[in-house]
There are 2 protein chains.
Amino acid sequence: MEEGTSKSPGYCTGTEGDYTARQWDGREDCEVRQILDRIADKWSLLVIALLDRQSLRFTELRREVDGISQRMLTVTLRQLERDGLVHRTVHPVVPPRVDYALTPLGVTLHHTIQSLVHWTESHLDEIAAARSRYDERAATPVPAATGPAG
Amino acid sequence: MEEGTSKSPGYCTGTEGDYTARQWDGREDCEVRQILDRIADKWSLLVIALLDRQSLRFTELRREVDGISQRMLTVTLRQLERDGLVHRTVHPVVPPRVDYALTPLGVTLHHTIQSLVHWTESHLDEIAAARSRYDERAATPVPAATGPAG
DNA sequence: CGGTATCCGTTCTGATACTG
DNA sequence: CAGTATCAGAACGGATACCG
């Protein structure tokens with residue numbers, strides 16, 4: 001059962017001025033935060049990506065993701081199914097067969113996260129460079145130099 | 001700083017030769033996932049959102065987020081700074097003052113995550129409904145025979 | 001094959017105390 | 001005011017065993 005559902009009608013803001021940046025609060029009371037954290041899950045993103053334009057069965061998904069354990073795949077699938085992003089079809093056959101596919105809602109989410117993935121791919125190099133710079137700064141015992149200002 | 005040193009999760013190390021994910025590019029997949037997992041962090045998203053078009057000092061950020069602990073704010077800020085998304089400015093004054101602001105790279109990320117937030121906001125109702133339906137199904141002891149079938 | 005429940009280690013997170 | 005170091009509890013996640 002969810003928590004804090006009756007607290008805020010929509011947003012859970014409290015201290016806002018004129019910016020649109022503070023739409024959400026850091027508390028779990030905010031549904032946006034909760035859902036965002038869910039769909040941004042490492043496994044969820046991967047599953048949604050794999051289910052794009054095709055349905056896969058349990059073992060197929062497991063093969064595609066490979067690194068995921070059976071437990072996490074089940075948990076992830078259940079969460080996505082609960083959120084109405086993935087549809088689960090059970091075939092009553094002797095060798096059990098279960099197919100998973102994106103719902104229309106899941107498809108729309110796929111488009112959105114693709115933008116985020118695209119950004120990440122486009123800036124992999126920049127982030128890597130930034131990390132290298134930061135790593136050197138962290139490794140530096142003392143900068144010694146007073147700065148380029150003088 | 002125990003979590004300051006990020007190690008490989010073990011998923012994308014040593015298996016870069018057998019990626020079957022057709023959506024993303026082979027070994028880049030793990031990097032994408034790593035960065036994605038970082039920027040999709042609950043606190044990171046909030047900090048980036050708050051720093052949009054303005055710079056804030058440590059206490060100001062703490063007041064805005066409020067629910068975050070001093071420790072997590074520091075950790076989050078360090079990670080964002082390391083990834084080149086947030087710039088840290090230290091003022092050598094008697095009352096210590098440190099300002100945080102988005103870098104140009106951070107600004108571009110802000111635009112992207114806003115899309116994700118927008119999607120979440122737009123589909124809050126659908127997800128809530130889906131969860132309600134799923135919750136009822138979970139509460140069902142046993143579906144027994146299918147209704148319309150028999 | 002698909003799924004669940006349990007055990008156990010790892011990671012994350014918050015509260016606290018201390019420094020400059 | 002800003003930051004660091006440490007500890008304890010919670011949550012996460014993997015491996016295993018077992019069921020339909």
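Every chain is numbered from 1 and lettered A, B, ... according to where its sequence line falls, protein lines coming before strand lines. Model, not experiment: these values are computed from the prediction.
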Q | Trace of the side-chain contact (heavy atoms from CB on, under 4.5 Å) decision for B:I127 with A:L105 | A | CA-CA 9 Å; B:I127 294 179; A:L105 182 61; 4.2 Å; yes
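Residue B:D99 contributes atom CG, which lies 12 Å from atom C1' of D:dC1 at whole-angstrom precision. Taking atom CG of residue A:D41 and atom C1' of nucleotide D:dA11, one finds them 13 Å apart after rounding to whole Å. One can place CZ of B:R62 at 11 Å from C1' of C:dA15, the figure rounded to the nearest angstrom. For B:W43 and C:dT11, the CH2 to P distance is 22 Å, given to the nearest whole Å. When the P atom of D:dA11 is taken as reference, atom CG of A:D37 falls 14 Å away, rounded to whole Å. With rounding to whole Å, B:M72 atom CE is found 17 Å from C:dT16 atom P.
Counting heavy atoms from C-beta outward, B:I35 and B:D83 have side chains that stay 4.5 Å or more apart.
Taking each heavy atom of A:E126 and A:S122 in turn, the nearest pair found is OE2-O, 4.3 Å. Nearest heavy atom pair, residue A:V93 against residue A:P95, reads CG2-O, 2.8 Å. Pairing each heavy atom of B:R38 with each of B:S44, the nearest pair is O-OG, 3.4 Å.
In this structure a side-chain-to-backbone donor-acceptor pair under 3.5 Å is missing from A:T76 to A:L73.
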Q: Between protein and nucleotides 2-9 of chain C, map the contacts as a letter string: B base, S sugar-phosphate only, - none, heavy atoms under 4.0 Å, written 5' to 3'.
A: SBB-B---
